[in-house]
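The chains referred to below are lettered A, B, ... by the order of the sequence lines, with proteins before strands, and numbering in each begins at 1. Only heavy atoms go into these numbers, but all of them, side chains included; no hydrogens, no water, no symmetry mates.
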2 protein chains.
Amino acid sequence: MTETRVERKERTRRALLDATLTLCEDSSLVALSLRQVTKEVGIVPTAFYRHFDSLDDLGLALVDESFVSLRAMLREVRSSDPTFRDIVDRSVDILVTHVHQQRQHFEFIVRERAAGPLPVREAIRHQVELAERELATDLARMPGTEPWSASDLRVLSTLIVGAMVSTAEAILVAAGRLDLEREVAETARTQLRMVLVGALNWTSRA
Amino acid sequence: MTETRVERKERTRRALLDATLTLCEDSSLVALSLRQVTKEVGIVPTAFYRHFDSLDDLGLALVDESFVSLRAMLREVRSSDPTFRDIVDRSVDILVTHVHQQRQHFEFIVRERAAGPLPVREAIRHQVELAERELATDLARMPGTEPWSASDLRVLSTLIVGAMVSTAEAILVAAGRLDLEREVAETARTQLRMVLVGALNWTSRA
DNA sequence: CGTTTCGGTGTACGTCTGTACACCGAAACC
DNA sequence: GGTTTCGGTGTACAGACGTACACCGAAACG
């Protein structure tokens, strides 16, 4: 019955991460104090340092675990049938589902991406860049992309990732109102189709 | 020689706005204290209330003046020759120029859009929505857009505005390194062209 | 010229901040 | 079973925070 020591430590660590996600739901990491977090968890302020060097450090941990779930999402998209028409519908569905399931993580990333502590911003930027690169190599495997240059592939994947980030933001703003969300999803689908139509009619230039 | 009283007041007001823009360059409004701002300006904390009710209030003023300059930019784009090919080049040039000239304002908007105080976020979202609507009506006047539905126009303008926001963010991240900026600009041009190719080959559905 | 207006001052408060330091008690270890 | 390890405690302090209040001096006003 007695909890092992590492289990207990892991449990408070999780509590710190969760409390931080909850507390910065309507502000930002940079506006959060160590004392607020520890009070929410129910430990004394100085105990915080048994787990993290600083709030920035905790922020980096949150970035890591956010992108673990995000990568799971991307893998799911990638395992879809590679047919252009319904890859759009499935991708948007998967995005909507994951934003709901991991709402706090997505909110965290969207906020701290622009306004977080510098190391956190850099970590997020790096992860987004990795996602763009992965998408570019995926696109290269799809039929019809043979005439594209490597640079065009990067440009297209940057555009798509950007549109998906915007869509995620819009879903978060919709905040669960189903009619708004349906509208956002429909917009995202149309945007993706427009972009794909553009890409298929695209011819790289030297 | 003696400065009139309203002039003097306006001068400190400006100083407060400028100090705030500078101070939240690497954090956010929500992480800023009234005392930091007044110290930077060189007045006593309580004097702040002679100008604004709160930091949020000051933030709303910054949103307003940021979008004044942004609207100036959009007007400049709109006055361009409405030919698809070089409207892209000119739009991106104008965007790059304005991001440089109004660097602090763009940084402010990009940050507070996602992480600012709630009223500030809402004000920014509203202004962006206005910009999207204006772009949609502009697009409707361009040749070749006759077969598009109103909803397609909105979807396209949302996509373009989103891409431009991403581009502005990328320029700010490039932080003046000329080679990076050229790359960002080139990416933005290609993205816009891809989107326009997609749009021109687009046929609205019921 | 006397009076009012008002941007800015200075003091004072209770609260919250990060963190230093000494300490505890039980799980973990040999 | 004695010792070590270590997550969590409690006290303590110097500084920053928002803001209430009484006040000043000069421009603005009649």
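Distance from the side chain of A/V44 is smallest for D/dT9 among the nucleotides D/dT9, D/dG18, D/dC6. Here C/dT5 is the nucleotide among C/dT19, C/dT5, C/dG7 with the atom lying nearest to any side-chain atom of B/R5. Of the listed nucleotides (D/dG8, C/dA28, C/dT17), D/dG8 has the atom at the smallest distance from the side chain of A/A47.
Residues B/D152 and B/W202 come closest through the heavy atom pair OD2-NE1, 3.1 Å.
Using a cut-off of 4.0 Å between Lys/Arg side-chain N and Asp/Glu carboxylate O, B/R182 and B/D179 are scored as not salt-bridged. One finds a salt bridge joining A/R113 and A/E169 here, because a Lys/Arg side-chain nitrogen approaches an Asp/Glu carboxylate oxygen to under 4.0 Å.
The CZ atom of B/R14 sits 18 Å away from the C1' atom of C/dG7 (whole-angstrom rounding). For the pair A/E10 CD and D/dG8 P, the computed distance is 11 Å after rounding to whole Å. Here C/dG18 presents its C1' atom at 16 Å from CZ of A/R50, a figure rounded to the nearest Å. With rounding to whole Å, A/R11 atom CZ is found 12 Å from D/dG7 atom C1'. The nearest whole Å value for the distance from the CD1 atom in B/I43 to the C1' atom in C/dG10 is 14 Å. Separating the CG atom of A/D53 from the P atom of C/dA20 is a distance of 12 Å, rounded to the nearest angstrom. One atom, CD of A/E40, and another, P of C/dC16, lie 15 Å apart when rounded to the nearest Å. Atom CZ of A/R35 is separated from atom C1' of C/dG18 by 7 Å (rounded to the nearest Å).
With A/S91 as reference, A/V77 is the one residue of A/V77, A/L74, A/D86 to meet the side chain to side chain contact (heavy atoms under 4.5 Å, CB included) rule.
When each of A/K39 and A/V6 is assigned the nucleotide of DNA chain C with its nearest heavy atom, A/K39 is the one assigned upstream, toward the 5' end. Residue order along DNA chain D, read from the 5' end via each residue's closest nucleotide, puts A/K9 first among B/Y49 and A/K9.
A/S33 comes within 4.0 angstrom of sugar-phosphate atoms only, judged by non-hydrogen atoms across all strands, and of no base.
Side-chain atoms of A/T46 stay outside donor-acceptor range of the base of C/dG18, with no qualifying N/O pair under 3.5 Å.
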